[in-house]
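What follows is a short report on a single structure.
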Amino acid sequence: MKGKRQLSFIWLIFLFGNLGLNAGELLFDKAEFAHRRQKLMAKIPDGVAIILGAQPTTGYREFVQNNDFFYYSGVEIPNAILLIDGRRKESLLFFTISETAARNEGISLNLIRNPQEVTGIERILPIEQFSNYLSRLANQGYVLYPSFKPEELPRECSQEKFNILYQNMMLNPWDGRLTRELQFVAHLKQRFPQNEIRDCSPFIWEQRQIKSPAEIELLRQVARIGVEAHLEMMKATKVGVYEYELAAIFEYVCRKKGADLAYYVIISSDENHPYLHYYKHDRLLQDGDFLVVDAGPDFKYYDVDISASYPANGKFTPRQREIYEACLAVQRACLEVYRPGITCDQVREEVKKLLIKRGYDLEKDLFKIRTMQGGCSHYVGMAVHDVGGSPRGPLQPGMVFACDIYAVFPGEKLGVRIEDTVVITEDGCENLTKGLPREVAEIEALMAQVRR
Ligand code: GLY
Ligand code: MN
């Protein structure tokens, strides 16, 4: 019996290890990708998901796969197509690439030569066979499930991209183009008028909202890079420095760690505080300025979101401190309250009660101006504003989102933002981006230390 238990323990370690980051040629083990595809198959028992890979870039920028394609395959080959067949319970990867082109893109020859073995995808076919293969499935009455939403590439967020393309391209009378994805849907409708065509993105988005242990482990790595980059930026902050110098430091640290930016570095100070995405970096820091820095890295397809706030001269004024500490109290309370099963509305109410119990006067302007939505801002993952918007129902283990508390006082040219990326655990939450000095005394000490 003991031996048996030991055996199953070893098996569990093996299984867990296999689902981990130790993945060889793919970012995660192929079992992790297979598991993701199986989950999608269960949602589409009557059809096939058609996931278009990213196309080659048109300028001298490196090729990057889109998030959905990468999520289900881990494969970075341009112009590939992935079929996830919910009826036959198998997946097919279509691609054609020469070995020279592959090497040029940094794609391993082992992947090109042994794609089935490397990826664990059941069938591999040249892209030239895609149309015939799809016709065969269509003739068998398959429901076709392409994604109606735009692909996400680095620094893109699918829903926001759709909104922009809808306004500026589709509704523009001098343009009128459909998105690539809706154009593809139009082709499918024309070629297969008998078949039902449904949007796959709700299933994909629902799945991507819950992160696996391997994804969470990777997010911890991304978070460490983000924290280090913020620390270096904070240490370099002083009166007489341009905001673009600080942005460059953040980017430098990310790049030095092999990461990129998840989004442009946002720095607001002075009259720019009300503009939460101000990214021009055009101010020379003055004595008395207070900064909000919102920046996060993108590493191996995963992002974190972090905001920090501090004075340019390293010393908080009483008013800066008062607003900052109110924000911090709210953020701390949110982190204490997050747990599975609670909704963000309930978080807000519990946070209010906690603050009152701790002696805070919620009638003060400090608390009035802030959005008190329990800090639950947006999901974070492969995109900084990850698919699915913000948590609405009860929180669940594996949900990763930004806990974002901010207050803006335009009349006083002042704003504060404290934002961390958190994951819901079995019994609470983990602050993935912990490690930044958050208390006023800690921030002042760090800034004073580098000035000595
Ligand atoms: N990190 C950008 C935002 O969430 O506003
Ligand atoms: Mn955010």
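Whatever order the structure lists them in is the order used to number ligands and atoms, beginning at 1.
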Using a strict SG to SG cutoff of under 2.5 Å, would you count Cys376 and Cys344 as disulfide-linked? yes

A student checking ligand 1 against His378 at a 4.0 Å heavy-atom cut-off should list atoms 4 (O)

Which residue owns the protein heavy atom closest to atom 5 (O) of ligand 1, what's the atom, and how far is it? His277 NE2, 2.7 Å

the protein heavy atom lying closest to atom 2 (C) of ligand 1 turns out to be Asp294 OD2, 3.2 Å

Short N/O/S contact of His385 with the Mn ion (ligand 2) (below 2.8 Å): no

Under a 3.5 Å cutoff, is there a donor and acceptor pairing between the side chains of Tyr145 and Arg198? yes

of all protein heavy atoms, closest to atom 1 (N) of ligand 1 is Asp305 OD1, 2.8 Å

Determine the interplanar angle of the Tyr264 and Tyr279 rings, folded into 0 to 90°, and report it as parallel if under 30°, tilted if 30 to 60°, perpendicular if over 60°. parallel

So which of the N, O or S atoms of Glu419 lies nearest the Mn ion (ligand 2)? OE2

Atoms in ligand 1 with a heavy atom of Glu419 nearer than 4.0 Å: 4 (O)

Compute both the distance and the angle, then confirm whether Arg321 meets the cation-pi test with Tyr324: under 6.0 Å from the six-membered ring centre, within 45 degrees of the axis. no

List ligand 1 atoms under 4.0 Å from Arg417, heavy atoms only on the residue side. 3 (C), 4 (O), 5 (O)

With a 4.0 Å cut-off on heavy atoms, is Leu276 in contact with ligand 1? no

Hey, what's the ring geometry for Phe33 with Phe28, parallel, tilted or perpendicular (30° and 60° as the breaks)? tilted

So which of the N, O or S atoms of Asp305 lies nearest the Mn ion (ligand 2)? OD2

Within 45° of the axis and under 6.0 Å from the centre of the six-membered ring of Phe250, does NZ or CZ of Arg255 qualify? no

Is it possible for you to check whether Lys43 lies under 6.0 Å from the centre of the six-membered ring of Phe203, through NZ or CZ, and within 45° of that ring's axis? no

